[in-house]
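The structure appears right after this line, and notes come after that.
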Protein chains: 2
Amino acid sequence: MKTTSNTETELNIAAVERDTGLSKDTLRVWERRYGFPKPKRDSNGDRLYPQHQVDKLRLIRRLLDTGQRPSRIVSATPEDLSAMLDAHREQAGTSEQQVREQALLPLLQYLRLHRSNELVSGLHQALMKQGLQRFVIETISPLNEAVGEGWMQGDIDVAEEHLYTEQVQNVLRSAIGAHAASGGHPRVLLTTFPDEHHILGLLMAEATLVPEGASCVSLGTRTPLADIRGAAIDGNFDIVGLSFSIAYPARQAIEGLIELRASLPEHITIWAGGAAVKGKQRRLPGIRVISDLTDTVAALHEWRAAHPS
Amino acid sequence: MKTTSNTETELNIAAVERDTGLSKDTLRVWERRYGFPKPKRDSNGDRLYPQHQVDKLRLIRRLLDTGQRPSRIVSATPEDLSAMLDAHREQAGTSEQQVREQALLPLLQYLRLHRSNELVSGLHQALMKQGLQRFVIETISPLNEAVGEGWMQGDIDVAEEHLYTEQVQNVLRSAIGAHAASGGHPRVLLTTFPDEHHILGLLMAEATLVPEGASCVSLGTRTPLADIRGAAIDGNFDIVGLSFSIAYPARQAIEGLIELRASLPEHITIWAGGAAVKGKQRRLPGIRVISDLTDTVAALHEWRAAHPS
DNA sequence: TCAACTGTTTGTCCAAGACAAAATGAAAAC
DNA sequence: GTTTTCATTTTGTCTTGGACAAACAGTTGA
């Protein structure tokens, strides 16, 4: 609890939970079982995590998402972890993506050089050229991945990541607002669970749905479950769309979604998208798991086929 | 951990945390100290909260936001709690504000009725009529206060407050983007400290500065101090603007600002605005405290007077 | 090839204690 | 009369070590 005044790069357990998405309980039990992380202690005996341990934890989380198990990787060296990530990267066949990134390289460069003006005009140009849907799918989505990747590897710092998020938000919100399609069907309510801060996933979903004539209402991030339920019913929505970033604990996502499913009337469809729920369709009966942005459009067509007005 | 199969209206502690926003630790310590909530237990001894206890917890949370203290209200009866809410409601009616609200009443009504389309067009209309600066000062700012008030009194729920924030954000971001003034002076970096989630203050500041020809770059909310410093220096900014909502602990704001002042070179001006720092100018040497939105413009003119290019 | 069984791994929950930060209220100083 | 300072509660978050169900991995048998 006590904050250290000397070194700014040591985080308490709550901050690490925020930064890594690993719960306090998990952090403590890993320390007990695997000997890592091994934080320092402040004068009160409270844990203080050095920055490099937090970085390693993020790396570990990433590997967990690829199917590795904690006992195998928590006590491994950072070098081994990087090697594992690289191995997985090879396997996933990102060659196609590498090509696409060619076109994105200038945008990434602008970001790294803090040239926000150029970044904005570059984004606008791409938007004009591709149209909203293609812009989101072919530019923003891979750019997100590249930025996330860069952040993991330390090429991109917090301020740059924030700047990126802000500018993309500006562009997307303006573009969505310009469509101004009211009265369309279905009516879609978009939001995230309370611990999810990332909004780009929501905006990207909205940006792919609005051009299809759907009527979207976004509540932004961090809406408590009970309020999602209330808003969905009161607002007479057909679909509730939830977004989960890669940082969101998959377990929490699944539990929350099952609870939400149980609390909503059957005629309201639930869509769940994002890295944390990818491939979890089997564990989420009654919920449509959206595998990627193009799948959003597919899900919309499915809904319309099943609900001829 | 074990989920009950019979009654769906009993939640485990993680679900209650999600629904109420009260941490597991807090729920346990309240039970120990005040005897409420008093959940049932499943076969494994894990807590199972009946729905009515969760409802009461949400009521309690609302009262906490009005300034009540847990020891006074946690063990009170639901009737007493309702009475307290009513009492607070009576007290809060400010006459001057009532007048202003006359013009804003339609907008508030749209929000309460979840008529997001009408809300958006109402906001756009006001923006067109008043221009960006006056729109922010005369419409958005008092509307914010009215929404905050309504939230305290329970007239406006979480979902409505989120909806409001989203729509205002859309309008402001579009309007700011439309100005597209690059290369102006001074260069202003806008953001908030890590625990501050509220973004409207930042956007309102940006919306008053951009029409004056300043060049604003926003990092959004929740930027760590070290990264603010880095971005300000690397980006060659003249001014760093911080926003603090009424919910931000004043003490933390002051401490953080003093630290930031010490870590930034003297030639970079710091502006601090928002309810949490209002009237704290005396305790913040070397920092320009912005008392309200009109003062933002005044501060800009001051800076220009002191820095003839 | 798939289903059922078995042992291991893993995340979440529990209890009761501790302590710093925040809030309160009273006394002192401007 | 207003603000500052100090002492006393209150309150949220952190601690340890133990427990157990759900998820997983591996093997056996149909």
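Order of the sequence lines sets the chain letters (A, B, ...), proteins ahead of strands, with each chain counted from 1.
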Should [X] be listed as having a side-chain N or O under 4.0 Å from OP1 or OP2 of [N]?
X: Thr26(A); N: dT10(C); result: no
X: Lys24(A); N: dC14(D); result: yes
X: Arg47(B); N: dA15(C); result: yes
X: Ser71(B); N: dT11(D); result: yes
X: Tyr34(B); N: dT10(D); result: no

### Message
Should the side chain of Arg28(A) and the base of dG11(C) be counted as holding a donor-acceptor pair, with the cut-off at 3.5 Å?
### Response
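Answer is no: no donor-acceptor pair is held.
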### Message
Do Ser23(B) and Glu17(B) make a side-chain contact, defined as non-hydrogen atoms from C-beta onward lying under 4.5 Å apart?
### Response
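In contact.
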### Message
So Arg69(A) and Leu64(A), do their side chains get closer than 4.5 Å, heavy atoms only?
### Response
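Leu64(A) vs Arg69(A): side chains apart.
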Starting at atom [atom1] of [X], determine the distance to atom [atom2] of [N], rounded to an integer number of angstrom.
X: Arg33(A); N: dG18(D); atom1: CZ; atom2: P; answer: 12 Å
X: Arg41(A); N: dT13(D); atom1: CZ; atom2: P; answer: 19 Å
X: Leu64(B); N: dG12(D); atom1: CG; atom2: C1'; answer: 12 Å
X: Ile60(B); N: dT11(D); atom1: CD1; atom2: P; answer: 12 Å
X: Leu27(A); N: dC13(C); atom1: CG; atom2: C1'; answer: 16 Å
X: Asn44(B); N: dC13(C); atom1: CG; atom2: C1'; answer: 8 Å
X: Asn12(B); N: dA22(D); atom1: CG; atom2: P; answer: 12 Å
X: Asp42(B); N: dC14(C); atom1: CG; atom2: P; answer: 8 Å

### Task
Identify whether any heavy atom of Arg72(B) sits under 4.0 Å from a base atom; if not, whether one sits that close to sugar-phosphate; answer base, sugar-phosphate or nothing.
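If one applies the 4.0 Å heavy-atom cut-off, Arg72(B) turns out to touch nothing in the nucleic acid.
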### Message
Looking only at side-chain N and O atoms, does Arg222(B) offer a donor or acceptor that is under 3.5 Å from a partner on His162(A)?
### Response
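Arg222(B) and His162(A) do not have a side-chain donor-acceptor pair below 3.5 Å.
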### Message
Pairing donors with acceptors under 3.5 angstrom, does anything connect the side chains of Ser141(B) and Asn144(B)?
### Response
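Looking only at side-chain atoms, Asn144(B) and Ser141(B) do not form any donor-acceptor pair under 3.5 Å.
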### Closest-nucleotide ordering on DNA chain D, the 5'-leading residue of Arg32(B) and Arg69(B)
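With Arg69(B) and Arg32(B) compared, the 5'-side residue is Arg69(B).
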### Query
Do Lys56(B) and Phe36(B) meet the cation-pi criteria used here (NZ or CZ under 6.0 Å from the six-membered ring centre, within 45° of the axis)?
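Geometry flag: set, cation within 6.0 Å and 45°.
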### Query
For Asp25(B) and Pro70(A), take the nucleotide of DNA chain C holding the closest heavy atom to each; which residue's nucleotide lies nearer the 5' end?
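Closest to the 5' end, via its nearest nucleotide, is Pro70(A).
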